[in-house]
Amino acid sequence: LKNRNFDLVVEKSVEVGVSVIVPVISERTVPEIGGKEEKKVERWRAIAEAAAKQSLRPSVPHVEPPVTFREFVSRGHSGLLVCAHPSSEGMTLRSAASAFEGTDAVILVGPEGGFSPAEIALAGSNGFKNVNIGETQMRAETAGIVLPALVIYELMMK
């Protein structure tokens, strides 16, 4: 995300309950962080720690260094695998969550402009379900905060 929008996503997603944050570099990623990864990750970890303290969390979520989209989706994740994609072909979050037994989830939120068709196909071939989270298209930073909150709610309220 541009500017300090990813900082905001780290802070607010920690406050809503995520346990791990992984910055993913996709085809449409705009900011170039080449050479600055270490400083950025250090900053995001400090933000996560402050947000965890603010929200009285017993532990600080882990912030990983950036990885490529291909590397991330190919990791062999378990749990509910969700790829936020504004499309009429996507399923609702409620239907994806209701068909899942468990409480772990991995959520992919795209960059500004969304994921490319090739990335959507790659995510799908690695078990991610395309989820449409509403009639309107959210900004990437909004989706990065709202979607984890919705997933946590859906999985906890079963």
Side-chain angles (χ1 to χ4, degrees), residues 1-31 33 41 44 47-48 51-52 55 57 59-158:
L1 299 173
K2 289 188 224 172
N3 305 319
R4 297 208 179 229
N5 290 342
F6 195 75
D7 294 1
L8 176 68
V9 171
V10 169
E11 176 185 33
K12 299 305 175 189
S13 63
V14 167
E15 289 176 10
V16 301
V18 301
S19 57
V20 178
I21 299 168
V22 183
V24 175
I25 300 168
S26 67
E27 288 179 33
R28 297 180 179 156
T29 298
V30 174
I33 63 169
V41 172
W44 296 328
I47 291 168
S55 56
R57 290 188 59 163
S59 62
V60 177
H62 180 63
V63 179
E64 293 186 17
V67 296
T68 66
F69 185 89
R70 178 173 298 283
E71 180 183 345
F72 182 78
V73 299
S74 302
R75 285 184 175 177
H77 299 285
S78 60
L80 175 63
L81 308 180
V82 173
C83 180
H85 183 61
S87 145
S88 60
E89 298 160 12
M91 62 191 334
T92 66
L93 177 58
R94 179 155 290 159
S95 63
S98 67
F100 175 72
E101 297 292 326
T103 57
D104 291 337
V106 178
I107 306 165
L108 275 170
V109 176
E112 296 177 24
F115 294 117
S116 71
E119 289 169 332
I120 295 296
L122 182 60
S125 69
N126 281 280
F128 284 83
K129 298 189 179 339
N130 287 338
V131 173
N132 188 336
I133 55 174
E135 299 274 327
T136 61
Q137 185 168 332
M138 293 182 200
R139 293 182 60 95
E141 62 269 21
T142 304
I145 298 165
V146 171
L147 190 57
L150 292 174
V151 168
I152 290 166
Y153 175 81
E154 289 294 338
L155 293 180
M156 299 308 289
M157 297 310 291
K158 284 192 209 181

Is there a side-chain contact between [X] and [Y], using heavy atoms and a 4.5 Å cut-off?
X    : Y    : result
N126 : F72  : no
V131 : S95  : no
D7   : W44  : yes
F115 : L122 : no

So which atom in [X] and which in [Y] form the shortest heavy-atom distance, rounded to 0.1 Å?
X    : Y    : value
L108 : A123 : CD1-CB, 4.2 Å
P148 : V18  : CB-CG1, 3.6 Å
V41  : P65  : CG2-CA, 3.6 Å
A140 : L1   : CB-CD2, 3.2 Å

In Å and rounded to the nearest 0.5 Å, what is the [atom1] to [atom2] distance from [X] to [Y]?
X    : Y    : atom1 : atom2 : result
L93  : L80  : CG    : CG    : 7.0 Å
S98  : L155 : OG    : CG    : 10.5 Å
I120 : S125 : CD1   : OG    : 11.0 Å
L147 : I152 : CG    : CD1   : 9.5 Å
I145 : R139 : CD1   : CZ    : 11.5 Å
K2   : E112 : NZ    : CD    : 4.5 Å

Would you mind listing every side-chain hydrogen bond (donor to acceptor under 3.5 Å, both in side chains) that reaches into residues 63-75, with sequence neighbours excluded?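 Non-adjacent pairs meeting side-chain hydrogen bond (donor to acceptor under 3.5 Å, both in side chains): E64-R75.
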Can a donor-acceptor pair be found, under 3.5 Å and without considering hydrogens, that links the side chain of H85 to the backbone of G110?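 Side chain of H85 to backbone of G110, a donor-acceptor pair under 3.5 Å: no, none is there.
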Quiz item: Distance-only, no hydrogens or angles: does the E119 side chain make a donor-acceptor pair with backbone N or O of E27 under 3.5 Å?
Solution: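 Yes, because the side chain of E119 sits within donor-acceptor range (under 3.5 Å) of the backbone of E27.
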*Check whether the side chains of S26 and T29 place a donor and an acceptor atom closer than 3.5 Å, and report yes or no.*
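Per modelled atom types, S26 and T29 side chains form a pair under 3.5 Å.
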Next item on the list: Output all residues satisfying side-chain contact (heavy atoms from CB on, under 4.5 Å) with A52, sequence neighbours left out; order by chain, then residue number.
Entry: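 So A52 forms a side-chain contact (heavy atoms from CB on, under 4.5 Å) with V14, R57, V60, P61.
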